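Note that this is a predicted model, so its numbers are computed, not measured. Computed from heavy atoms alone, side chains included, the values below leave out hydrogens, waters and symmetry copies. Each chain gets a letter, A, B and so on, in the order its sequence line appears, and its residues count up from 1.
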2 protein chains.
Amino acid sequence: MRRVTIHDVAGKAGVSTAAVSHAFNDPERLRATTVTRILDAARELGYAPNPHARALHSQRVGVLGVLFPQPIATVFANPFFASFLEGIGSVTDERGIGLLTVTPVGGSLERAIAAAPVDGFVIIGLDERNADVAPLRKRGVPFVVVDGDAETASSVNVDDEGGAHAAAEFLLERGHREVLVLTFHAPPDELDKDLGVRGRRLRGYRRAFVERGLSLDDDAVVRTFVTLAGGDSAFAQAWATGARPTAVLAASDIMAIGAMRAAKRLGLRVPGDLEVIGFDDIPLAAASDPALSTIHQPITEKGRVATRLLIRELDEGGPRERIVLPTELLLRDSTRAQPKKSRTLAIAKGGTEREGKRTLKAAAR
Amino acid sequence: MRRVTIHDVAGKAGVSTAAVSHAFNDPERLRATTVTRILDAARELGYAPNPHARALHSQRVGVLGVLFPQPIATVFANPFFASFLEGIGSVTDERGIGLLTVTPVGGSLERAIAAAPVDGFVIIGLDERNADVAPLRKRGVPFVVVDGDAETASSVNVDDEGGAHAAAEFLLERGHREVLVLTFHAPPDELDKDLGVRGRRLRGYRRAFVERGLSLDDDAVVRTFVTLAGGDSAFAQAWATGARPTAVLAASDIMAIGAMRAAKRLGLRVPGDLEVIGFDDIPLAAASDPALSTIHQPITEKGRVATRLLIRELDEGGPRERIVLPTELLLRDSTRAQPKKSRTLAIAKGGTEREGKRTLKAAAR
DNA sequence: TTGAAAGCGCTAACAT
DNA sequence: ATGTTAGCGCTTTCAA
């Protein structure tokens, strides 16, 4: 069942292949009757242009890649990424372009990057300094970095440090002194450098302590997996080793929810005996029981912004930008009620510098 | 910043383009020193083969498409699809192939299908009879149908009717007579034909009633959106119009969870005043409060099976298969406890015919 | 061991 | 208005 090509159509319609191409791409150039004849022939034959040939010629496939530094199964299992992809998808969809998820092939991103039929990449959670980014440059397609720093490409981040600081500050202000901090395991290549999102959030927590003349002890900081089970076991284990926290700061909602589960099992009431603040505001946060107080970050918007940036760069070679979206403390039911007029207590400062609280855009470099 | 091509490498290494190609794909053919020289040149230049050119020639891109008949934003927002994609992704990942989500472009799937640079499609929720499937044939690439019937392609389904029957039977057996059934809105092209998944589940519920000499009244069946809000408002509205159900059968978990939310708001206790059984067993079902009793279907496995089938067809032109995976009633806390030795009460019969309860494979047609 | 050259299917500049 | 033709970048016979 060989695929029918432009030649077959040309033959059947008694014209050249150029005519067929024109009939599809620029019908005005041809006499109307010819166009009809060609289109009829195409339909009868069931002709559809070969996307690879088209891509080869036009140097454009109409597909964007989203690069994850981890197996694809773990990304779809993660509500955070689902929301992020939702944002990306909403703009690719509206522009009629495709979305390809790109993940390591046999452990290496390089092969995956080289082989991906895409016009550009959105990369998430990968610092530009990362070795995996080199192949991207080789590939010669534009990319934008999300949740990571970049010198030579546009980037989209949120104010992780500000958000974390707001969360810690809230708890400290209320008098908590026994606070358990749950953070991610460091990625293998990063070790203890506290780079990226994890480092920024940790710095935010720590700064709030320091500002009050307190310190965040190392044994109050537990690193674990970014999963329900991770948060659960981390809390349970801390408890088992004698920790008696009155509050939890979790660097991700899913870990926070896990910690709440463990706390409930240990007979603690949330927020009565234990106040908990997560990070991210994934959809599950609002649905958990009790509903999780958290640092909201605009996950979906982040995907949208990054994708628009990439498309603009593709279409017009637009300037690089460095965007930082705001985060905010969102109080729900895992913290004890305050005045509670608005659910939003504070909007963390946008940008790590002194810019206002809205989107921060830095000029091209 | 023009992309470096095989010609550049050939020039730099002082060989022909053919030699460069050989160095990469069949180094044995060349003298070792030549290979090294070529590879060095390639590295220095930062050469990476153009995936489009490669695809054009080999008629293979190494990418599979997943076709959704709906906007991409709604698919990532839906936990069911996330699990499904997780299954697909786990096998594409392990085979080192890419995953492209394909959704309607400007309302039409046809353009999207024609333009997608893929070697084959997994299509979900689209009956083969659907008009949108014709372009797929034109495209000339193999595809497998999930959650839909197919004559000319392989298909993967679950025993929807059996599962639904088991759920209804469980409730009826316990004496419930006022049962509210929540089902999907019919897709526009399907109208009232009760085709596909929706029809099969509804038939399963109905059969359980009929078998006991009861009937499932039309006003006990509410059609709504497959969302939390859909289930919530459907239940609330039924209640408002005087319905006083003692049990709910929901054709999807998310609607079931929505209904529970509405019930709680109305002061009903689940499962005390109201027993609820969902369908699908999405991850959220286990995490809801109370944990949702449901008909488990192997969502992730379905994705895996479909993808393996497709890859086999691609690689070896394997035979078509028609697979039906089993469903089972899974009792958690939204139904009142029974003996409760095992959480699994019954395994619905696999297959709509009389096959056993394991995977049903029909021979090629 | 290496290279020349013919495609793969399509587009578009340039004829006619 | 329609056709000729030269690529796009790579692979792969076939010949040298």
Inset, instruction - Assign A:Asp26 to base, sugar-phosphate, or nothing according to its heavy-atom contacts below 4.0 angstrom with the strands shown. - result: nothing
Inset, instruction - Under 4.0 Å between any heavy atoms, over every strand shown, what does B:Tyr47 touch: base, sugar-phosphate, or nothing? Just pick one. - result: sugar-phosphate
Rounded to the nearest angstrom, tell me the gap between atom [atom1] in [X] and atom [atom2] in [N].
X       : N      : atom1 : atom2 : answer
A:Leu30 : C:dT11 : CG    : P     : 14 Å
A:Asp8  : C:dG9  : CG    : C1'   : 11 Å
B:Phe24 : D:dG9  : CZ    : C1'   : 13 Å
A:Ile38 : D:dT2  : CD1   : C1'   : 9 Å
A:Asn25 : D:dT2  : CG    : C1'   : 15 Å
B:Arg37 : C:dT1  : CZ    : P     : 14 Å

Inset, instruction - May I ask you to test the A:Asp132-A:Ile123 pair for a side-chain heavy-atom distance under 4.5 Å? - result: no
Legend entry - Flag side-chain contact, heavy atom, 4.5 Å: A:Leu325 against A:Val156: yes
Tabulated below should be each protein N or O lying under 3.5 Å from an N or O of nucleotides 5-8 of chain C; please produce it.
| from | atom 1 | to | atom 2 | distance (Å) |
| --- | --- | --- | --- | --- |
| C:dC8 | O3' | B:Gln59 | NE2 | 3.3 |

Legend entry - Side chains of A:Thr152 and A:Arg137, donor plus acceptor under 3.5 Å: yes
Inset, instruction - Would you mind telling me which of A:Thr307, A:Asp147, A:Asn157 makes a side-chain hydrogen bond (donor to acceptor under 3.5 Å, both in side chains) with A:Lys302? - result: A:Asp147
Inset, instruction - Taking the six-membered ring for Trp and the single ring otherwise, decide whether the centroids of A:Tyr47 and A:Phe24 are under 6.0 Å apart. - result: yes
Inset, instruction - State yes or no: are the ring centers of A:Phe68 and A:Phe81 separated by less than 6.0 Å? - result: yes
Legend entry - Side chain of B:Ile6 (C-beta onward), nearest among C:dT1, D:dC10, C:dT11: D:dC10
Inset, instruction - Side chain of B:Val15 only, please: which of C:dG3, D:dT11, D:dT2 is the nearest? - result: C:dG3
Inset, instruction - Could you tell me the separation between the CD atom of B:Glu321 and the CD atom of B:Glu313, rounded to the nearest 0.5 Å? - result: 9.5 Å
Inset, instruction - Would you indicate whether A:Arg37, at its atom CZ, is surrounded by more than 12 heavy atoms from other residues, nucleotides or ligands within a distance under 6.0 Å? - result: yes
Legend entry - OP1 or OP2 of D:dG9 under 4.0 Å from side-chain N/O of B:Arg54: no
Legend entry - Ion pair B:Asp40/B:Arg43, N-O distance below 4.0 Å: yes
Legend entry - Short N-O contact, B:Asp315 and B:Arg60, less than 4.0 angstrom: yes
Using atom names, set out every protein N or O paired with an N or O of nucleotides 14-16 of chain C below 3.5 Å, distance rounded to 0.1 Å.
| from | atom 1 | to | atom 2 | distance (Å) |
| --- | --- | --- | --- | --- |
| C:dC14 | N4 | A:Arg29 | NH2 | 3.2 |

Legend entry - Helical bend (five base pairs per end, nearest 10°) for the helix from C:dT1-D:dA16 to C:dT16-D:dA1: 50°
Legend entry - Least distance between heavy atoms, A:Ala112 atom then A:Val102 atom: CB-CG1, 3.7 Å
